[in-house]
Amino acid sequence: MDLFESSMKGENEPLASRMRPRSLDEYVGQEHILGKGRLLRRAIQLDQLSSIIFYGPPGTGKTTLARVIANTTKAHFSTLNAVLAGTKDLEAEIKEAKERRALYGMRTILFIDEVHRWNKRQQDALLPWVENGTVILIGATTENPYFEVNAALVSRSRVFQLKKLEEKDLFRIAYDALEDKERGYGKYNVRFENGALEHLVSVAAGDARSLLNALQLAVETSVDHFPPTDGTEIYISKEAAEESIQQKAVLYDKEGDYHFDVISAFIKSIRGSDPDAALYWLAKMVSAGEDPRFIFRRMLISAAEDIGLADPNAITVVESCASAFDRIGLPEGRFHLTEAALYLSTAKKSNSTLGFFDALSDVEKEARDEVPSHLKDESRDSDAFGHGKGYLYPHSYKDHWVAQQYLPSSLVGKIYYHPGSLGYEESIKESVIERRMQQLESINIAEDDEVLTWSPQDRNREQWLNRAMMGRSIALRKIRDELYRDISIPRHSNSLVINAGTGLLLYPALKMSPEGYAIAIVRKKEEEDAISHVLSELDDIYKPEIIIDPSYLDALERIGNDYDFSLIAARDILIDLGKGNEILKTIKEKANAKTVIIISSSVSSKASRLSSFLTSGIRREAEKAEEHIYSSSPLSSWKEEDLEKLVLSYFPSASFDYITSKEIRHIDGKAALSWWEKSYSRYMDPSLKDEFVSMLKDRDVEFTSCSAIIRVVPERAKADTEAARKEWKETVSKTHMK
């Protein structure tokens, strides 16, 4: 069975099928997984695929990607459609795959379209053959794989999420179809009324298949008969475009992901106090035929979860609107849906009711905790066990309240309810806190922070990177840690590390973007050897590209400007400030509006001077020499303000910090002689050479160094970082929920 074969050929074949990309170069969109340097692109190009799952809405290119892989791999490529195929079909494919491996040593890639359609038993039947490598799985699904695909299959696969195509991608797809003479309409002169093509792209809403189907209908119904002769002019009016694609279909499946995504967007809009967004998502659900009772149920939950005691009336309003809807029904009942949504969106917010779940957690941990004796039921055991004795009856006291212990002894001092500062809660907050303090008196409360950890799929990779990051001096690690402080980039990011040395700044970049690509520039072969040795046990697909070149500028020119770098990190590239203009100009050309740039630069004028390690008369002579050296050398004559002025001229949003470190360094004879010959010999009496070298060599000295920490973090990068963190948290949460 071959999903990629069609009984319709040539112009009788649907345009969307004819125009399917045949290679990565023809593929449009999904830059986050297929852009230059991205993990999936490298895996396809190197023919080193492991099991993967493509997840995304219809028309985003999942099956097309599988077709591209089929056209490029040397492995045997088999296909099944989970709607049409069953366990017997799978067994036949597995049998053939085993024979191929045994007889010819050939791998088998098995593409399963709509893999979520298989039930648990069918997916379980696939698992052992994926696990032992008999087949490499490529699954395609429009449903969230964390819910709809066997968890064991997901854990053994990389999940790539495909997103709706952007309008610029759809325009490119349309133009390709209009210009292609072999597969599209390039043989004809197709023209559009102003706004006609734009309408097709807009209504397609990120779905390439929908766009091409509409384009085919518009072209082929705008002439008397099709196909016409070559060169025929075909004019597509805006009216024809509208008829070809009709109205925008509401993408909504009450049983699928989008159902849950839309209600999630609705509730989050309410929580975020955005009435406009809440009305939009409400309209989308009502238009798609969502059950209004389901919407009211979710609003009743939100009234308690997100508004709570900030506005105790919220739940009453929603309940009243729900009751009115039951009496009136649609279409007039839409007013009551709207009123409830608007009330919740504009109400003051508090999530203090979530304190219940903290209490529930403690109940589960402390299931055997005794009820304090004075709180027990005195009606049964007061005489024998003293139950109820010591209980203070609040109504007998002023304000009907008295301080006493109500929690189990092991939980005294525990706080579950945190009143908000808005609405009704604002009026009770002070009294709640005051009474709590009276009850707690001198009890100290220590709140434990919850730490959530996530273990990446490739533990071997993580282990080697952690080991690589340990072997650095304290001073260099301090610089690295300060550079990367609060820096976060998406996992699929490309990174550029200039003057990577033996890997100081490279390894953190590799850790942050395991599905991305890294390019490291080193100056010597020995540095490349050091990095390669550390990473020798990693698969080639994870290894960075290493460029050896003593000139940073020449190395950067070799890279080109077609990489989308999320991070550019560099160390000591601005020591010679005279060359800083060229270097910073080139870095700016490699960056974009979202690129995070971090640079460390040693400030020689602030570092220890050799004269401080000398004694007697030669020290004074060395100090005189240093007055010349530090005023004339391009490496040491500049100050902090010179560095900042230069950097700000290219990156106005740059921030600067300075780190001073002290560490013990060993000076050998070779280093001492080099300092003399390169610098000090120019300004000191030649007869002092032997004394200078002998006084410095073979010594351990406390050396002070100063480094500038330069960080350029654009606002858009900050926003994307927060979005990436949020998206990842939600993904992990969904995994655990299952």
L496 and Y563, any side-chain heavy atoms less than 4.5 Å apart: no
When you check the gap from the basic side-chain N to the acidic O, do D25 and R41 get nearer than 4.0 Å? yes
Mind jotting down which residue pairs meet the salt bridge (Lys or Arg N to Asp or Glu O under 4.0 Å) criterion with at least one end in residues 597-617? Sequence neighbours excluded, please. K606-E640
Taking the side chain as C-beta and beyond, is there a heavy-atom pair between D486 and V713 under 4.5 Å? no
Salt bridge or not for D572 and R523, using N-O below 4.0 Å? no
Could you tell me how the ring of Y680 sits relative to the ring of F692: parallel (under 30°), tilted (30 to 60°) or perpendicular (over 60°)? tilted
Taking K624 first and then E627, would you say they form a salt bridge - that is, a charged N and a carboxylate O separated by under 4.0 Å? no
More than 12 heavy atoms from other groups under 6.0 Å of CZ on R682: no
Please check if the number of heavy atoms outside K36 that lie under 6.0 Å from its NZ is greater than 12. yes
Note: E623-R620 ion pair, threshold 4.0 Å (strictly below): no
For the residue pair F651 and I710, establish whether any side-chain heavy-atom pair is separated by less than 4.5 Å. no
Measure across I659 and I479 and return the closest heavy-atom pair with its distance rounded to 0.1 Å. CD1-CA, 4.5 Å
Is there a donor-acceptor contact under 3.5 Å from the side chain of R38 to the main chain of E31? yes
Sole candidate of K74, R42, R107 that passes salt bridge (Lys or Arg N to Asp or Glu O under 4.0 Å) when paired with D47: R107
Show me the pairs that pass ring pair (Phe, Tyr, Trp, His ring centres under 6.0 Å) and involve residues 583-622, at least two apart or across chains. none
So is R711 actually on top of Y484's ring, under 6.0 Å and inside 45° of the axis? no
